[in-house]
4 protein chains.
Amino acid sequence: MLAAALALAGEQGVGGLSMDAIARRAGVSKETLYRWWPSKADVVLDALAERGRETIPLPDTGSLREDLRRFLRATVDSAEPGTVRLLHALAAASAADESTALQVRDRFLATRRSDLGQLLGRAVARGELASSHADLAIDLIYGCMWYRLIFRIGQLDYGWADSVADVIAPEPSARQGEGPTR
Amino acid sequence: MLAAALALAGEQGVGGLSMDAIARRAGVSKETLYRWWPSKADVVLDALAERGRETIPLPDTGSLREDLRRFLRATVDSAEPGTVRLLHALAAASAADESTALQVRDRFLATRRSDLGQLLGRAVARGELASSHADLAIDLIYGCMWYRLIFRIGQLDYGWADSVADVIAPEPSARQGEGPTR
Amino acid sequence: MLAAALALAGEQGVGGLSMDAIARRAGVSKETLYRWWPSKADVVLDALAERGRETIPLPDTGSLREDLRRFLRATVDSAEPGTVRLLHALAAASAADESTALQVRDRFLATRRSDLGQLLGRAVARGELASSHADLAIDLIYGCMWYRLIFRIGQLDYGWADSVADVIAPEPSARQGEGPTR
Amino acid sequence: MLAAALALAGEQGVGGLSMDAIARRAGVSKETLYRWWPSKADVVLDALAERGRETIPLPDTGSLREDLRRFLRATVDSAEPGTVRLLHALAAASAADESTALQVRDRFLATRRSDLGQLLGRAVARGELASSHADLAIDLIYGCMWYRLIFRIGQLDYGWADSVADVIAPEPSARQGEGPTR
DNA sequence: CGGTAAGCGAGACGGTACGTCTTGTCTTATT
DNA sequence: AATAAGACAAGACGTACCGTCTCGCTTACCG
């Protein structure tokens, strides 16, 4: 039933996604759909929550820089076209409606954020990162990712992953202003 | 005519925005609307482009940290409720449709990005910032902002502005891992 | 259980009468309702049969004219608003569906028809009425009544009752064309 | 457009008549249907009004009895199965809803009633009928007809037509109670 | 100066989706 | 075995919006 929603959302994007169509595809009556989910957003959200359970393994190499590189590269790897379309759906629904945004935040983003938070927390414990920066780093990193996704700023590839890791956790030898620019 | 679009978008959010309503409000026939803009997204986009011309003054204090603080605080100041709703509209439309996203990127985000790019460019010239980080910094900063806006992660206030400035341009005395934590 | 049907039919008219509502009101499951009556019409019909048992006393004054006046006046008296609504329901269901009509005819109208038939039969026996007219008179009288009810032609009052009696059983002195008009 | 309504009503009876179906059949959008008629009843009513314009010629033989026979026989002739189904629809809608009934009465029944009224009026002028009976006779005659139609009391055939004529306008020689029975 | 074209308001139209309602069947759990 | 509770497929309801279309009416330009 959620599968139908996912399939349709993946096929035609988010705009072309109607309750009628989901019901038709799922071989289910519209009434039943509405019995279980009050709105289209909730269906999509639940459908995504299902898929969203596949988590990204948390690396623990002892180095924040290395951990971040691996984590972000894995994140990049998980972004197949279908998934990206669903993320677009999520963003669109969240931007358009506050209560949807809150649900997305608490039911979908939260686990990702806490994953990254854990990774950064270890770095703070090791003294690699100012604790005052840890929380904001989560927003910066995921923010950057969503921003590029939503507005199609550019590809999310390994280069991007490494660059972000580099900004958040610069190479020990490197000092700001003395970078590879020289 | 675009004013009607803006007004309605500001009033009822993005979802409750129909071409019919815009036409009615503007005292204009739907036909005329369609003669000038091929789709709803384009109307909203043009309407926003109008408002979006109000730029934020670029500070130049000689210190990246200080420049960023002022720029971001000014950005925060400009975010009245009406404007925020319009940004939500923009994000929703961009997430939902690729070609809209491209237009938004090139006609709306671009000026903001180049503003910030200029500010960061000066810092690179002064040796305060690795040039390799400058471009990414734009994504990180604006990404963080949009991310928090779209998913209602938290307020965009002066505290946030200063924190971001602090991460991108740390206090000279501070060294990572030697933050105020210890 | 039938009481619930009657109550609801009386309250909101016939249109706003659903099996769901009857079941809910009766504190009974829909399944049970369907176990006992195959369709909504049957429920209403049975409910009416209950009420319909209250018969109108047959007068026997020895004069057709007087008998008719009394019988029709009593009929008029029995038509309270709730009852009228139920009669409307009956007519609507009968008009819409043949098998319902047959049931209504045989289970509801029949007793009324035979009552009136008895009254007219006595008049035939007394030589007051041509036997060939007796059967048709039933249709004329009841037809007139239903016609006025269904199409809201006018009130069913004592005036109407007396007029009908007058047409079916004219005053002995009166000759057609020499009526009270003169 | 009304044709579709008529066709469907004629095919499946009144119950199986939905706005959706009419729109589909007429190759028209539901919106358009609702733009022109506020409710299903109004569509059917208008559709019937179209057909209802075919009037029955008013005979004028100089004898009420003969006029009535001819008029009622012609009425009987006009009752093909399709028409009868539509009359059933009319009756059902009228019984179920007061405002519909009023419209039916004023827009559909009225012309028939005035036709018959004219016929009877001539008889009154000739002294064949008490003027006080004329109005009621309309109700009796049409009432009888509808009554038999709605509740499927019996066929409407020439026999019925002649009998009704006989009751309303008895043979001059005949005296009540001295009918052909004896 | 008068004829013709372009732009406009108004709004009807075919479609599609919405979210609600009712129908009649079915299943589950209780009694 | 009968029941209440209520899920379910089907599909109609009346409304909203989309994007296209056809009307007249008004300008304003050009012959």
Side-chain angles (χ1 to χ4, degrees), chain A residues 1 4 8 12 14-43, chain B residues 1 4 8 12 14-43 97, chain C residues 1 4 8 12 14-44 97, chain D residues 1 4-5 8 12 14-43:
Chain A
M1 188 128 147
L8 285 171
Q12 315 160 357
V14 198
L17 181 59
S18 75
M19 288 300 247
D20 277 31
I22 296 173
R24 223 176 303 131
R25 168 75 81 103
V28 135
S29 94
K30 255 200 306 177
E31 232 253 83
T32 307
L33 222 49
Y34 280 102
R35 192 194 318 287
W36 293 98
W37 296 277
S39 82
K40 178 159 49 178
D42 297 76
V43 184
Chain B
M1 189 129 146
L8 284 170
Q12 317 160 357
V14 198
L17 181 59
S18 75
M19 288 300 247
D20 277 30
I22 295 174
R24 221 176 307 130
R25 168 76 80 106
V28 136
S29 103
K30 259 203 302 177
E31 230 262 76
T32 308
L33 223 47
Y34 278 102
R35 193 192 317 285
W36 294 92
W37 295 275
S39 82
K40 176 160 53 178
D42 296 78
V43 183
D97 177 67
Chain C
M1 188 129 145
L8 284 170
Q12 317 159 358
V14 198
L17 181 60
S18 74
M19 289 299 248
D20 275 30
I22 296 174
R24 219 177 308 129
R25 167 75 80 108
V28 136
S29 106
K30 258 202 305 178
E31 231 263 75
T32 309
L33 221 49
Y34 278 103
R35 191 190 319 285
W36 293 93
W37 295 276
S39 83
K40 178 160 53 178
D42 298 76
V43 184
V44 176
D97 178 67
Chain D
M1 188 127 147
L8 284 171
Q12 316 160 358
V14 197
L17 181 59
S18 73
M19 287 301 245
D20 276 33
I22 296 174
R24 223 177 302 131
R25 167 74 81 102
V28 133
S29 93
K30 254 199 306 176
E31 234 251 84
T32 306
L33 222 48
Y34 281 104
R35 193 193 317 286
W36 295 97
W37 296 277
S39 83
K40 179 158 47 177
D42 297 76
V43 183

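Position along DNA chain E of the nearest nucleotide to C/S39 versus B/V28 favours B/V28 as the more 5'-ward residue. When each of D/P38 and A/G27 is assigned the nucleotide of DNA chain F bearing its nearest heavy atom, the one mapping closer to the 5' terminus is A/G27.
Regarding C/R35, its CZ atom lies at a distance of 14 Å from the P atom of F/dA5, rounded to whole Å. Counting to the nearest Å, the C1' atom of E/dC21 and the CG atom of C/L17 are 14 Å from each other. Distance, A/E31 CD to F/dG6 C1': 11 Å, rounded to whole Å. Between the OH atom of D/Y34 and the C1' atom of E/dG14 there is a distance of 16 Å, rounded to whole Å. If you measure from atom NZ of D/K30 to atom P of E/dA12, you get 18 Å, rounded to the nearest angstrom. Atom-to-atom, CG of D/L33 to P of E/dG15 comes out at 14 Å; the value is rounded to the nearest Å. In this structure, C/D20 atom CG and F/dC13 atom P are separated by 18 Å, rounded to whole Å. Taking atom CE of D/M1 as the reference point, atom P of E/dA12 lies 12 Å away to the nearest angstrom.
As judged by a 4.0 angstrom heavy-atom cut-off over every strand, B/W36 is placed among residues touching the sugar-phosphate backbone only. Using a 4.0 Å heavy-atom distance criterion, D/R24 is classed as a sugar-phosphate-only contact. Within 4.0 Å (heavy atoms only), B/K40 reaches sugar-phosphate atoms of the nucleic acid but no base atom.
Taking CZ of A/R25 as the start and OG of A/S18 as the end, the distance is 11.5 Å to the nearest 0.5 Å. In this structure, OH in C/Y34 is found 8.0 Å from NZ in C/K40, a value given to the nearest 0.5 Å.
Here the shortest heavy-atom pairing between C/D42 and C/W37 reads O-CD1, 3.7 Å. Taking all atoms of both residues into account, the shortest heavy-atom contact from C/S29 to C/A23 is C-CB, 4.1 Å.
Of all nucleotides listed (F/dG19, F/dA5, E/dC18), E/dC18 comes nearest to the side chain of A/M19.
Judged by distance alone with a 3.5 Å cut-off, no donor-acceptor contact links the side chain of A/S18 to the base of E/dA17.
Phosphate proximity of F/dA4 to C/T32: present, with a side-chain N or O under 4.0 Å from OP1 or OP2.
Residues A/M1 and A/L33 have side chains in contact (heavy-atom distance under 4.5 Å, counting atoms from C-beta outward).
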